[in-house]
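Along the sequence shown, the residues carry numbers beginning at 1. Worth knowing before you read on, the calculation uses all heavy atoms, side chains too, and leaves out hydrogens, waters and symmetry mates.
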Amino acid sequence: MELWREILVDKAKQNRDQTVIDRPNEDELRKLTEIGRLIATSLSTDEAFEEFARLVKSLVPHDRLALAALTPDFNHVDSVFVSGIEVDQPNASQRVIIPHGRIKHQMFVDFQQYHAVDDELNELTELVDDEKYRIAAGLRSVLSTPLIWNGEPQGVMTLRSLDPKAFGLRQRMLANEIGRQIAGSVAMARQANELRRLAEEQVAIAEIGRIVSSNLVIEEVLASFVEVVRGLVPFDRVVVTAFDEDLNEVTDVLVDGLSLEQETIGISYPLPESKIQQNVILNQQTLVANNSVYQELAARSVAEVQRYNIGSRSLLMTPLVWQGRTVGTLNLRSKDPQAYGEHQRELAEQIAAQIAGAIATSKQYALLKKESVERERLSKQNDTIAEIGRIVSSTFRLQDVYSQFAEEARKLIPFDRIVIATLNPDCTIATDVLVEGEGTKKTVGKQFPVPGNVRELALRNHDPLILNEPDYSKEILPKYPLERDQMSAGLRSVMIVPLVSRGVVVGTIHFRSRENSPYNQETASVAAQIGSQIAGAVAASEQFESLRRSEELLRTQVTVFETSADSINILRPDGSIESVNDAYLKETGYTREEALNQGPGFLRPPGQDAEYEEAWDTLSSGRSWFGVLKSVRRNGEIYPVEHSVTPVFDDDGEIVRFVGIRRDVSDRLQAEEDRAARMRLDVENRELAEIARQREEFFTSVSHELRTPLTAIMSFADILSRDRQGTLTGLQLEHLDVIKRNSRSLNELVEDMLDFSRLGTDRLKLDRSDVEVHALVESVVESMEPTIRAKSQQVEVVSAPVPVWINADSGRITQVISNLMANSSKYSESGSNIRVELELINDYAHIKVVDQGVGISETEQEEIFTPFFRSKREDVQIQPGTGLGLAISKTLIELHDGQIQVSSIENEGSTFAVILPVTSHK
Ligand code: ADP
């Protein structure tokens with residue numbers, strides 16, 4: 001028994017511990033929510049991070065915290081925030097490579113935490129250099145939690161501690177919860193950073209354009225060039241080479257970073273025959289070689305293997321192409337074995353496009369050195385291009401850029417009219433952003449379809465298109481009727497320059513002139529140069545503007561979405577789920593992975609099709625829908641949900657999404673129902689109480705009316721039966737006995753009726769005092785003697801060995817025991833035995849009345865305490881009775897905080913037990 005109890009207690013404790021591990025408690029939940037809100041509203045301020053670190057520390061004690069975001073290539077992390085113990089870490093950098101293998105797999109593929117202590121950390125040092133500095137700082141355990149958002153890894157939160165036991169199961173659970181709170185915000189910040197970085201890159205590339213066109217001394221240009229490139233593409237070595245016309249000889253015009261001794265700038269050597277370089281030079285394709293690919297490549301070249309030996313691990317080689325010719329290469333090398341991805345390739349190509357012209361012109365310039373007029377012209381041209389570069393990179397106010405641009409461009413290119421237009425992403429609509437000069441009136445802000453417009457000819461390839469007379473009149477006018485207006489305004493030739501940024505056409509410039517043939521290869525090449533200067537700015541500033549506008553809004557929206565207590569789901573036009581917030585997951589019981597991409601019937605319980613379809617009809621016709629629909633949770637539970645769903649439209653009025661806000665209203669509906677039920681019950685209770693009161697009133701007056709004559713009958717029958725004069729015959733005396741017996745039972749009936757009428761009212765009051773049960777039982781037995789003797793029955797009393805005291809209304813207890821004994825006598829044969837037992841068990845007095853009578857069947861045992869119930873047995877029915885005695889007894893005993901119980905076997909006998917609490921021992 002004891003052992004069993006111990007096991008149970010143990011089990012309960014375990015369960016409790018288990019739940020403690022599984023879920024954060026109230027206080028922790030509050031802190032977690034606070035973290036979520038804090039990070040969602042202010043991811044970029046240091047103050048917010050300090051507060052964040054403080055909250056994390058109060059949840060999971062640690063000595064160092066680092067938060068890092070994954071880079072778009074998923075091979076690196078960028079440090080976002082670090083706090084705690086300082087680590088003396090030479091060469092610490094903002095961007096750190098994630099080692100391939102187990103840890104990366106565990107965290108960013110399987111989304112599991114990484115936990116390591118002491119020796120395991122030493123193993124880590126083989127993968128990550130910096131780890132040894134952290135160990136040196138005394139940090140003995142690490143817990144890295146991947147930050148997962150929408151099923152994708154976004155970054156990692158790493159906690160470290162001096163205590164090897166710092167991160168137990170519970171701390172890991174909490175770290176996971178923190179991760180879930182902040183992952184969404186980190187994701188948003190990553191996106192915003194990515195956009196901002198793209199915009200900044202465009203500015204930097206424009207800056208390169210400015211540098212290269214501002215100075216004709218190529219060596220000076222390249223020196224400042226290196227610094228800007230470093231901010232764009234990571235490298236440990238950069239080389240720019242230039243080729244001669246026939247592609248026979250190579251000259252290194254720039255070498256910077258990791259270098260071999262024999263390399264010096266300006267040395268020329270024959271073009272190597274390596275296939276790799278040939279492909280770059282002849283096919284003008286960029287080469288990217290990382291890690292093992294680079295290693296293989298290096299093994300095949302004497303020069304490259306030396307670079308490998310001094311640490312190079314990846315290579316990016318891009319051709320410098322000017323007017324269709326390869327004029328040189330830009331070579332970047334890095335110690336990082338994952339340095340170059342798609343994005344770095346694109347950037348390098350853009351940089352190459354910017355410097356190719358400078359490399360080419362510098363050579364032209366060298367050739368033309370002696371012709372001073374031409375030199376001056378070239379130098380002025382470069383100044384102007386530099387000025388354009390300065391303008392576009394110094395301001396993001398587009399309108400300023402355009403008009404200043406036109407002013408500067410006039411110095412280089414002849415025109416009587418200039419129009420700059422931006423293009424939508426699929427190049428079908430052009431928007432005029434600058435219209436200056438002669439011809440048709442100004443149309444800034446107006447939009448035109450591209451098909452059928454002459455500019456479509458320039459979009460086919462990315463080069464400037466020249467349409468001079470007589471071709472213009474002969475070929476263009478018949479095909480493009482819109483051009484007639486220009487012709488009639490006297491404009492007879494046009495040069496269309498596509499603005500290309502990152503390989504995408506973002507706009508066009510039209511130069512028009514009254515002259516017949518003002519445009520040639522040279523004006524085209526200058527136009528291409530200034531076009532490339534402004535294109536980046538157009539793309540960047542548009543991105544920048546909209547980014548600035550949307551970023552703030554986005555952050556607010558994310559906060560609303562994430563912290564909303566209501567569930568929010570965003571649906572695609574076909575009703576499938578695009579995203580959901582945490583409240584939605586909590587409500588439905590599904591994980592985000594399970595919920596995303598589910599179709600419109602996801603939470604629809606069976607049999608609700610009509611209701612759902614009706615809602616869907618409203619929505620797909622473009623109207624909002626409000627109402628309550630039944631939903632089904634993951635665990636199968638069906639519950640009512642109040643919906644508010646609104647379609648979101650794009651500019652063309654097409655539905656692009658639905659935003660649904662849902663709220664589980666089962667509690668509310670239940671509360672409403674409960675309230676209604678309570679009110680009904682109140683009314684019923686009041687009615688019942690009133691009925692009970694009326695009944696009691698009735699019984700009281702009736703019994704009063706009955707009692708008065710009854711008392712008279714009883715007293716006079718008593719007086720008569722004493723027979724003072726001795727004149728009554730034996731038969732008369734017998735008759736008097738009948739009168740007395742019947743009036744006594746009539747009196748008992750009246751008493752029962754009175755008691756019964758008081759059931760359910762508060763009129764049954766107890767008059768309590770300390771009572772000794774033996775004495776009470778003795779007196780009941782004594783008063784029952786005549787009744788029992790009349791049936792020749794015997795009573796046996798079995799006492800407890802000690803006095804038994806109860807605090808009770810002795811009259812009422814007497815009434816109950818008398819009733820039980822009367823029943824025993826009534827429902828037993830003449831001559832049978834009745835036993836009254838008294839026992840003291842665990843502070844309770846047990847008073848039992850045991851008979852050898854007719855007994856009570858099991859089904860009837862359940863009913864005998866209900867008022868007016870009497871057995872169907874014939875031997876019971878012939879006995880007088882009302883069926884009220886036991887009902888009253890039960891009520892009286894329960895008023896005493898006791899119980900009345902029956903056990904019986906039919907035809908063998910019954911035992912009634914009254915159980916009452918004893919008072920503290922006397
Ligand atoms: P009454 O005795 O007036 O009928 P009670 O409430 O005292 O009313 O008893 C209800 C019914 O329970 C009886 O009619 C009888 O059927 C059954 N009963 C009570 N006590 C006994 C007993 N000792 N033996 C058998 N039946 C009993």
**Prompt:** Counting N and O atoms only, with roles assigned by atom type, does the side chain of Q106 sit under 3.5 Å from a partner on the main chain of Q113, one being a donor and the other an acceptor?
**Reply:** yes

Output side-chain donor-acceptor pairs under 3.5 Å for residues 310-317, partner residues at least two apart or in another chain, one line each.
| from | atom 1 | to | atom 2 | distance (Å) |
| --- | --- | --- | --- | --- |
| R313 | NH1 | Y308 | O | 3.0 |
| S314 | OG | D336 | O | 2.5 |

**Item:** Results of side chain to side chain contact (heavy atoms under 4.5 Å, CB included) for V321 - residues two or more places apart only
**Value:** Q284, P319

Which pairs would a plain distance check flag for residues 132-143, meaning a side-chain donor or acceptor within less than 3.5 Å of a matching protein atom at least two apart in sequence or in another chain?
| from | atom 1 | to | atom 2 | distance (Å) |
| --- | --- | --- | --- | --- |
| R134 | NH1 | E131 | OE1 | 2.9 |
| R140 | NE | D118 | OD1 | 3.0 |
| R140 | NH2 | D118 | OD2 | 2.8 |
| S141 | OG | D163 | O | 2.8 |

**salt bridge (Lys or Arg N to Asp or Glu O under 4.0 Å) partners of R54, counting only residues at least two apart** = E51

**Request:** Identify, with sequence neighbours excluded, every residue that meets salt bridge (Lys or Arg N to Asp or Glu O under 4.0 Å) alongside K31.
**Result:** D27

**Message:** Would the distance check show the side chain of Q598 and the main-chain N or O of E594 forming a donor-acceptor pair, the cut-off being under 3.5 Å?
**Reply:** yes

**Prompt:** In chain order, what residues pass the salt bridge (Lys or Arg N to Asp or Glu O under 4.0 Å) check against R663, with sequence neighbours excluded?
**Reply:** D566

**Message:** Taking side chain to side chain contact (heavy atoms under 4.5 Å, CB included) as the definition, give me every residue that meets it alongside V645, ordered by chain and number, with sequence neighbours left out.
**Reply:** L619, H643, F658

**Message:** With ring pair (Phe, Tyr, Trp, His ring centres under 6.0 Å) as the rule and sequence neighbours excluded, what pairs involving residues 566-599 come up?
**Reply:** Y590-F602

**Prompt:** salt bridge (Lys or Arg N to Asp or Glu O under 4.0 Å) with D582: which residues, sequence neighbours excluded?
**Reply:** R592

**Request:** With sequence neighbours excluded, tell me which residues meet side chain to side chain contact (heavy atoms under 4.5 Å, CB included) with E342.
**Result:** R345, E346

**Request:** List in chain and number order the residues that pass ring-ring contact (aromatic ring centres under 6.0 Å, His included) with Y639, two or more places apart in sequence or in another chain; answer none if no residue qualifies.
**Result:** none

**Prompt:** Who passes side chain to side chain contact (heavy atoms under 4.5 Å, CB included) against Q154, sequence neighbours left out?
**Reply:** W149, E152, V186, A187, R190

**Prompt:** So, R30 and E26, do they make that salt bridge, N to O below 4.0 Å?
**Reply:** no

